[in-house]
Amino acid sequence: MLRSVRSRIALCGVTTAVLVGLTTSGATPPASATPLADAENLFRPQLVTVDTPTRADKALLQTLGLDLTEHAGHDYVEVVLHTLADVTTLTGAGLDFDVRIPDLLAREAENNQANAAYAAATATSPLPSGRDAYRTLEDYNADMAALADQHPDLVERFALPHPSLDGKQIYGVEIGKDVTGPDRGLPTFLMLGVHHAREWPSGEHAMEFAVDLVRNYGTDARITDLVDRSRVVVVPVVNVDGFAKSRTDGGLIDLREADRGGTATILGTPGSAYMRKNCRLVDGQDTPDGSCALAATSNGGYGAGVDLNRNYGGYWGGPGASDLFADPTYRGASAFSEPETQNIRELVSGRHVTTLITNHTFSNLVLRPNGAAPDLVPSSEGVPLGDPYDEAALKALGDAMAAQNGYTSQHAWELYDTTGSTEDWSYNATGGFGYTFEIGAHEFHPPFLEVVDEYLGAGEYAGKGNREAYLLALENAVDPTTHSVLTGKAPAGATLRLQKNFATPTWDGVIEDTLNTTMTVGPDGRYTWHVNPSTRPVVMDRQVETVSGEPVAQESWTGTTLPLQSTDHEFTVGQDADLFEVVLDWPTPDDMDLEVYRKGADGSLTQVGSSGNFVGEKERVLLQAPEQGTYVLRAINFASVTPTWTLTASLFDAETSTVPGLVENWTLTCERDGRVVERVPVVIDRGQQLRVHLNACGRR
Ligand code: 0X9
Ligand code: ZN
């Protein structure tokens, strides 16, 4: 989580930034680095929190050549200070900082011991694969190859069409009955991991699910049935370049002895254990293969790279994505500018992915579309985003999955606005359901035992966990009531093709999209094709709520709040209203956050909304159809000054209007010997089954 890192650290009492600088090679540094041997006695690498209340402070910090971690928020950036010279640089720039971890080596030693102790005590873990430590990229590739080798009829390993920027092949596995045979029109369930380099558990869970299905196929009736009725595609590591760097550097950390000796020289160079983005080293340009692996950049979210979860086409270029190359959420030079997102785009455009899960870490969330708040208005469309057309069904599955792992099920925008994320595009373009899982409570790559517990479930979720949540998602993927089914007669062996060309809205324009999918008619001359609906959700008629006139109730407060303190005001919602808006505004370029709580009869507070934008942006929480009762509005000052603010709570009635929708069709063609013999437009809704006989295709 970019935004909530600090509050989470404070809440959990866990500081998650354990980045220490390492060379990617791990080789002994050259002799010229020896002056550090003396420094080692004087100075231990530290993690500090640098105050950056203004954008100018952040910009200044980025020019100092220090080891910035991704652990950053509205008004601070966590930085690793490797040497006394780093301290001097920071103080010389006039930036304030607090020491968070005075001795990173000691801290690392603790984590290393936990991981080493777990691996030593565990011959095989309870995971499907029995693994007891994080995979490297080589491990993933070897595991996928082995799975396919050992189960050639059930698992096919494939390379995605585009190698990574650094020239690596990216692999996935497809699991299904007679997987290498012709495609017979089964629905696809897609599972993705590691869009963000440092989010290691997201790849582990994707890979474990693949192993789980394969190991239990043929013995577990539920899994056998699900695999027989689907094609499951797993791409555990989408961002191979970033992951390789993060895992290599993190692995060097894990190799370190607890004796505190001999490591200061390694710590003299920045590492990428907490890299977020991909390996785009120069904006909009290619660099030679292998150069990223050698580059000592991207130590965290800042610096070079594209945020792959802002580079997809769906509302690309809108809120919650940066247009600055050095920012953690840099959206890329254009929609789908990166080979990694092109891979997933082509995968999803070439099959009927009826449900997908894209795994991330951390915060224990199940997120569903939309990525951006319902009242935001993309200039490409001129009407508010509203809720997704399938909100009720998306919510039902999200809630059901969250009941297995104990995560919170919510709209993605309730976390913060994003545009250009995976399912913002996939759902909008195909209608296939898409979810983001944010795995784990505290850390981007926690001790491995947490990976085990999150997958299998622990405590009250024992025996459920993400494993059960994924199985529910797979059940949804094969459930014909959540997608569409075409059936009919057609010549045995003919190729059927469903195709659609359309313009996907970005934030202020469009991109051309093509869905092009095929299946082969079986020997009995009949076909059943599980497909996504013909009309995209983004062009379905849309219910939008527009505020009608003046607020029906409003109250304002002004005040000041000391740094790192908060101020509460109560507001009573005493009537039915459609929208409850709370706005916190202040004139200076400082950073404040806003939290909204519902007060229970016993005085307890339940958070119902929060807003933590970047410095200088005002904060706003919007609640739809608020329950009547008392709310606590909390203004929090994250800045190092004491700004004067205005807090306004307003209740609005809204007019619900319907933006009329379009009806789109698939073009179904029947092809024999590579020639199109019959062509039919097909309109089909979600949950519908339609019979289309392709009789003409059989005639000579
Ligand atoms: O910011 C992100 O990309 C995700 N969080 S993370 O900490 N893993 O980086 C959250 C994305 C949520 N938005 C959508 N899925 N649309
Ligand atoms: Zn992520």
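Order of appearance sets the numbers: ligands from 1, and atoms from 1 within every ligand. Not measured: the values here are computed from a predicted model. Just so it is clear, the values below take in all heavy atoms, side chains as well, and ignore hydrogens, waters and symmetry mates.
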Pair [X], [Y]: side-chain N/O donor-acceptor within cut-off below 3.5 Å:
X	Y	value
Y315	N370	no
W316	D424	no
N466	E454	no

With a cut-off of 4.0 Å, which atoms of ligand 1 are near a heavy atom of [X]?
X	answer
E199	6 (S), 7 (O), 8 (N), 9 (O)
T436	15 (N)
T418	13 (N), 14 (C), 16 (N)
G371	16 (N)
R276	1 (O), 2 (C), 3 (O), 6 (S), 9 (O)
L367	12 (C)

Polar contact flag for N309 and ligand 1 (N/O pairs, less than 3.5 Å):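 For ligand 1, there is an N or O atom that lies under 3.5 Å from one belonging to N309.
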
Rounded distance [0.5 Å steps], OG1 in T422 versus CZ in R345: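 T422 atom OG1 to R345 atom CZ measures 13.5 Å (nearest 0.5 Å).
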
Distance in Å, E475 CD paired with L397 CG, rounded so as to fall on 0.5 Å steps: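 Those atoms lie 10.0 Å apart.
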
Close aromatic pair by centroid cut-off 6.0 Å: H360 and H196: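 When the ring centroids of H360 and H196 are compared, they turn out to be within the sub-6.0 Å range.
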
Ring center gap for Y312 and H195 short of 6.0 angstrom: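 Between Y312 and H195, the centre distance is under 6.0 Å.
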
Step-by-step side chain to side chain donor-acceptor pair (under 3.5 Å) determination, T188 to R351: CA-CA 7 Å; T188 296; R351 21 199 336 149; 3.1 Å; yes

Minimum-distance pair of heavy atoms, taken over all atoms of S380 and P505: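 Shortest heavy-atom contact: OG-CB, 3.8 Å.
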
Where N364 and A441 come nearest, the two heavy atoms and their spacing: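 Shortest heavy-atom contact: OD1-N, 3.4 Å.
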
Option whose closest heavy atom lies nearest to atom 10 (C) of ligand 1, chosen from H360, E438, R198: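 Going through H360, E438, R198 one by one, E438 has the nearest heavy atom to atom 10 (C) of ligand 1.
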
Which segment of E423 sits under 4.0 Å of ligand 1 when only heavy atoms are counted: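 The side chain, only.
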
T361 heavy atom under 4.0 Å from ligand 1: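 True for this residue.
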
Any R310 heavy atom less than 4.0 Å to ligand 1: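 Yes, R310 has a heavy atom closer than 4.0 Å to ligand 1.
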
Aromatic ring pairing W413/H411, orientation class (parallel under 30°, perpendicular over 60°, tilted between):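 Geometry flag for H411 against W413: parallel rings.
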
Heteroatom count (protein N, O or S) under 2.8 Å of the Zn ion (ligand 2):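 That number is 4, waters not included.
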
